[in-house]
Amino acid sequence: MKVKMLSRNPDSYVRETKLDLQRVPRNYDPTLHPFEVPREYVRALNATKLERVFAKPFLASLDGHRDGVSCLAKHPKSLATVLSGACDGEVRIWNLTKRKCIRMIQAHEGFVRGICTRFCGTSFFTVGDDKTVKQWKMDGPSYGEEEEPLHTILGKTVYTGIDHHWKEAVFATCGQQVDIWDEQRTSPICSMTWGFDSISSVKFNPIETFLLGSCASDRNIVLYDMRQATPLKKVILDMRTNTICWNPMEAFIFTAANEDYNLYTFDMRALDTPVMIHMDHVSAVLDVDYSPTGKDFVSASFDKSIRIFPVDRSRSREVYHTKRMQHVICVKWTSDSKYIMCGSDEMNIRLWKANASEKLGVLTSREKAATDYNQRLKEKFQHHPHIKRISRHRHLPKSIYSQIQEQRIMKEARRRKELNRIKHSKPGSVQRVSEKKKRVVAVVK
Amino acid sequence: MSLSASAPGPCEIQAGEMSSSRAAKSSLLALNQQGELEDLPRDYPLSTSEDEGDSGGERKHQKLLEAISSLDGKNRRKLAERSEASPKVSEFSVNSEGSGEKLVLSDLLEPVKTSSSLAAVKKQLNRVKSKKTVELPLHREEIHREVAFNKTSQVLSKWDPVAQKNWQAEQLVFPLSKQQSIFPPIEHVVSGWKARTPLEQEIFNLLHKNKQPVTDPLLTPTEKASLKAMSLEEVKMRRAELQRARALQSYYEARARREKKIKSKKYHKLLKKGKAKQALKEFEKLRKVNPAAALEELEKLEKARMMERMSLKPQNSGKWAKSKAVMAKYDLEARQAMQEQLARNKELMQKIQVASESVEEEGGAEEEGEPFVPDVVNEVQVKADRPNPWMFRNHSGDTKEAEVQGDPEELAEPAAQEAPESEEEGPVVAEEILLKEFEERRSLRQKSGLNQIAKPVGSQEAKDLSSQEVLSELRALSQKLNRESHQSRKQELSSTRTVLAVQRGEPSGEEEEPLLLQRPQRARTLDELEELGKEGCFQNKELPRAAVEGQQLERNPSNHLGVPKEKKRKEQMTDLQNLLTTKSPSMKSLAVPTTVEELEDEERDQRQTIKEAFAGDDVIRDFLKEKREAVEASKPKDVDLTLPGWGEWGGVGLKPSAKKRRRFLIKGTGGPEGPPRKDKNLPNVILKEKQNIHAVAHQVRMLPYPFTHHQQFERTIQAPIGSTWDPQRSFQKLTMPKVVTKPGHIIKPIKAEDVGYRSSSRSDLSVVQRNPK
């Protein structure tokens, strides 16, 4: 007699390894799991609240400099190494994992105006107020050896900035003009000028490496082509630009940190209108750096805060500040896109998380899945008023807060005045100029 | 400190041509401004440092001195003061700082106005002023720049699609450039490796024996030789030959496939006939030319036949036998049938030897006739799993009864198989044509069948038809071989019959032939002969019944087994006939139209049921009622706050006074005079005008940016993404993060190689060095 038995395939209930999760058979019949939207909404709300609870971005403060930190540089090969130059001419090399200074050099007399590493990570260059360019070895001197630069170039004028080529043994300095140097020579192989004012910063394009961008104190941004040894175009803005930074994922995009509290993202092929105006700072923006993913950038401002902007948004998604942090002069985004460093007036370098509520360390797959899900939920319900309110909420120092209010009033007044002017003048006689166009004074060919 | 370093210092150069009083005023003003400027940093205590304070003080002091000295009325030339790290000074940065207003041309011309001798110059200047400025022609440098800019923009535009792709990508994984694991070529690995274990050494020995090369190019000596051996023409020719052969092969294959697919019985019959003929002819030829070879051939055939016999399949493993085995438990008849079958099988097994003996006994005359007899036997066995007719013939005398009993079984089985098959066959029209053909054939066969009956009755051997058939064939063959004059007609006959015998088991179109073939067997009794005569009327009479019978056959062919022989036989005849004749009606009954009718019926039924189910409902009236209620509810109501018995007598039959009622009645505000309902003119709609305030706080007021229609937005919200609602795989897909970075990995800027572009090989540096400035 045959007895019929229920039989199941062990594959459907046996784990492959004992570390696997127990398989829980689920019935996805929607009638069994009602109220999808309300339940997900609640989950999103909780996720948003937790995000704010866990948002503790400040990681460490590296102290040791005896004057304000004027410049920062990343090591191209090592994530743990950071270089910084101070206003007293001192250069320090830091180990981020130990959070300690591993080397200290008295590089210049006066300011260290600029610092940059060679693409291979074996040496770095500094420029200072003492009209010199110095090349240093990345490794410290061996026992008994003196701390000496590999090369020193004595210039005629003060150099205010330096940047190294991304692939070749070439670097560029700026000051009175943009000089391009071969590492092996003591005189520049080519210098480019356009106008007379001093140039405050020069940056190589990381993708199309023959391109350079510079900004001068006569309010202009000039682009150069190294191959053709000629400037390409000049755009004059309302106020002076302090630094520019190229997008590492899009060759033609750069962002300029301006004195008028704003940042301007330009497409270098169309300079007459910025692609985006990023506004949120309440004082001059002194430095800007892109995240290596090219999706965000961080800006340092004179208003004692740093802000993180998504590239395609005009408003910042994050603002970092501490009570002790003074005017932030330089900022860098680390090359693994996880951290942000900023050097400020009060002699400290601070290390922040790029994503304020991110959990550090290795995540288990379940944690990862949970964070991904929460992230998606937050995105999905981001327009809902409660969630929006919670996720946007930030605490600000009173000075910044009041200045924001003040500026809002001023802006509103300006807008009102413009509207009134249009209203009370002959129709068509007063043209309304878009905010983007207003900021660009001229493009010089 | 850093502020002063980074902030632009104004270039303070003052023109000396100003009148003294103005200059004094301006310098004072400048002083004031300076003071204001200096005040600013004091708000930021940390930014002020000592030396800055000093320098500011110095400057102030100097300004003060200048202002005082200018008060004297003497003109003093002012020195340019610079705050820039540059030896050169632009002439454009001359400013009118301190004057409080713009410096205009007329100011400069003021002294000129007084002297009349400069009238000509004045005129010229006026003319210049009135003229519009013309744009300067492009300098050479400008052209250079323009060209360079255009070139660079073009170079950069190649990154447009990349950037766009990255923005649209569902997921970006950084770092972009994957660490490619580089596989070194095998020859490098092999060359730098020594064989240690015996197995490895053995492998190496083998490799070396074959002169397997270890370095590039990987060609063995034989391969090299073959490469050298053939000239190009040879290779081409050989290739062409091979191609032709391949093409031919494929043609043959295609043809064979096509032929195999042909269903026509007639075609196959003819084909077989042709083959048999061919075989015979060849054999004869061989006999004439080379008797020894012919004998060998014969032996071969004999051997094949024997092999076939040896490998007779067990008799209880057929489909029919299995079905019987199942039934046997419950059905006495089935059990009987099975036993019979087994008994017969045993018999057959025993008689195999006898058969072979008898074949041997028959001797040379018959041997010659055999060449294609075994074929027939084989075919029969292949076609249907049933006792070999060849064997039947030899022992027909004693096994007559068994055969008679066995036959119905045999018949029942094919009939059972046939019925569904025939139903499956093509369109009705074709069936009708077939039927007509059958009618014609039947009439013909009846005649020929009668002849045949006469013949076997006369000859004593013929008892079983099938066996008789084969035997007659053999006879005919032997005769043919001996007397070639007689050959033609008889051979034809016999061959046809063999074919018929072979095809007995086969269903459908040829079904009548087995009927015909069985006749001689039955004709031995008188009754059967009579029935034969009556056949025509049977056909007509049993038409309606046949369909039922056929179905019964389908269901359980075993039913018929227990029925007495005669009746059974009748039924079989009629059944099988009727199966053929009634094929078309049965087809009709089960074909498509009936299903359509059924569908219609179903629909009607459904409608009916729905109607019944909702018989009492009047949806429209209900809705109207609901709406009326909603309207009523939305109307403001009067609130009556009168308390009976308060301030007056109360009790049964006593009502509060009208005055009191009037006093405590709070009239609903708005009332009918309030704004009309929005759904007033929309009879089919109820618009609820009150919002749920608690829900509103959580609802999105404005349509968010990327969406263009509220439905889009609602859809995105309504689709759940959690693992509660979605299976694991889609959950993972839905929650995939947009940007993934690996912790501890350096993300380099995008490179041309990452996106498949060719990076320019020329160095930026080399170009610079070529055209130094």
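Below, all heavy atoms of this structure are taken into account, side chains as well, without hydrogens, waters or symmetry copies. Letters A, B, ... mirror the listed sequences (proteins, then strands); counts begin at 1. This is a predicted model, so every value here is computed, not measured.
- At least one donor-acceptor pair under 3.5 Å links the side chain of A:Thr160 to the backbone N or O of A:Ile199.
- With a 4.5 Å cut-off on non-hydrogen atoms, B:Ser723 touches chain A through its backbone but not through its side chain.
- Checked options A:Leu232, A:Ile180, A:Thr230, A:Leu212; the residue passing with A:Tyr224 is A:Leu212 (criterion: side chain to side chain contact (heavy atoms under 4.5 Å, CB included)).
- Taking a cutoff of 4.0 Å between a charged side-chain nitrogen and a carboxylate oxygen, B:Glu170 and B:Lys733 do not qualify as a salt bridge.
- Proximity to chain B involves both the backbone and the side chain of A:Pro206, based on heavy atoms less than 4.5 angstrom apart.
- Atom CG in A:Leu211 sits 5.5 Å away from atom CG in B:Leu156 (nearest 0.5 Å).
- Using modelled atom types, one side-chain atom of A:Thr243 and one backbone atom of A:Leu286 make a donor-acceptor pair closer than 3.5 Å.
- A donor-acceptor pair is defined here as one N or O able to donate and one able to accept, closer than 3.5 Å; such a pair exists between the side chain of A:Asn205 and the backbone of A:Ala251.
- Neither the backbone nor the side chain of A:Tyr290 has a heavy atom closer than 4.5 Å to any heavy atom of chain B.
- Neither the backbone nor the side chain of A:Ser70 comes within contact range of chain B; no heavy atom of the residue lies under 4.5 Å from a heavy atom of that chain.
- Scanning both residues, B:Thr735 and A:Arg376, for their nearest heavy atoms gives CA-CG, 3.5 Å.
- If you measure heavy-atom distances from A:Met268 to chain B, the contacts under 4.5 Å come from both the backbone and the side chain.
- Note: A:Lys295 leads A:Gln375, A:Lys295, A:Lys368 in heavy-atom pairs under 4.5 Å with chain B.
- A 6.0 Å sphere centred on NE2 of B:His139 holds no more than 12 heavy atoms belonging to other residues, nucleotides or ligands.
- Looking at B:Leu734, the atoms closer than 4.5 Å to chain A (heavy atoms on both sides) all sit in the backbone: N, CA, C or O.
- Among the candidates A:His386, A:Gln382, A:Lys388, the residue making the largest number of heavy-atom pairs closer than 4.5 Å to chain B is A:His386.
- Using a 4.5 Å cut-off between heavy atoms, B:Ala719 touches chain A through its backbone atoms (N, CA, C, O) alone.
- Of the residues considered (B:Trp159, B:Phe174, B:Trp725), B:Trp725 shows the highest number of contacts with chain A, using heavy-atom pairs under 4.5 Å.
- Ranked by heavy-atom pairs shorter than 4.5 Å toward chain B, the options A:Phe210, A:Phe381, A:Tyr373 are led by A:Tyr373.
- If you measure heavy-atom distances from A:Pro76 to chain B, the contacts under 4.5 Å come from the backbone alone.
- The candidate with the highest count of non-hydrogen atom pairs below 4.5 Å against chain A, out of B:Thr724, B:Asn166, B:Val739, is B:Thr724.
- Contact annotation for B:Gln728: only backbone heavy atoms (N, CA, C, O) come within less than 4.5 Å of a heavy atom of chain A.
- Between A:Asp197 and A:Arg240 there is no salt bridge, since none of the side-chain N atoms of the basic residue sits less than 4.0 Å from a carboxylate O of the acidic one.
- The side-chain tip of A:Arg26 points at the ring of A:Tyr28 from less than 6.0 angstrom away and within 45° of straight on.
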Exercise for review: Take A:Leu79 and B:Ile746, measure what side chain to side chain contact (heavy atoms under 4.5 Å, CB included) needs, and give me the verdict at the end.
Suggested key: CA-CA 7 Å; A:Leu79 279 173; B:Ile746 290 173; 3.7 Å; yes
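- For the options B:Phe731, B:Tyr705, B:Trp167, heavy-atom pairs under 4.5 Å to chain A are most numerous at B:Trp167.
- The part of A:Arg43 that comes within reach of chain B is its side chain, from C-beta onward, which places non-hydrogen atoms under 4.5 angstrom from that chain.
- Contacts between A:Thr209 and chain B at a heavy-atom distance below 4.5 Å involve backbone atoms as well as side-chain atoms.
- Checked by atom type and distance alone, the side chain of A:His384 never pairs as donor or acceptor with a backbone atom of A:Ile387 at under 3.5 Å.
- Contact annotation for A:Trp246: neither backbone nor side-chain heavy atoms come within less than 4.5 Å of a heavy atom of chain B.
- B:Gln699 touches chain A through its backbone: at least one of N, CA, C or O sits under 4.5 Å from a heavy atom, while the side chain does not.
- With a 4.5 Å cut-off on non-hydrogen atoms, A:Lys77 touches chain B through its backbone and its side chain both.
- Using a 4.5 Å cut-off between heavy atoms, B:Lys748 contacts chain A through both its backbone and its side chain.
- Between A:Lys338 and A:Asp336 no salt bridge is recorded (no basic side-chain N to carboxylate O distance below 4.0 Å).
- Seen from the ring of A:Phe111, A:Arg113 counts as a face-on cation partner, given the 6.0 Å and 45° thresholds.
- Of the listed residues B:Val147, B:Asn150, B:Asp160, the one with more heavy-atom pairs under 4.5 angstrom with chain A than any other is B:Asp160.
- Of the residues considered (B:His698, B:Glu146, B:Glu142), B:His698 shows the highest number of contacts with chain A, using heavy-atom pairs under 4.5 Å.
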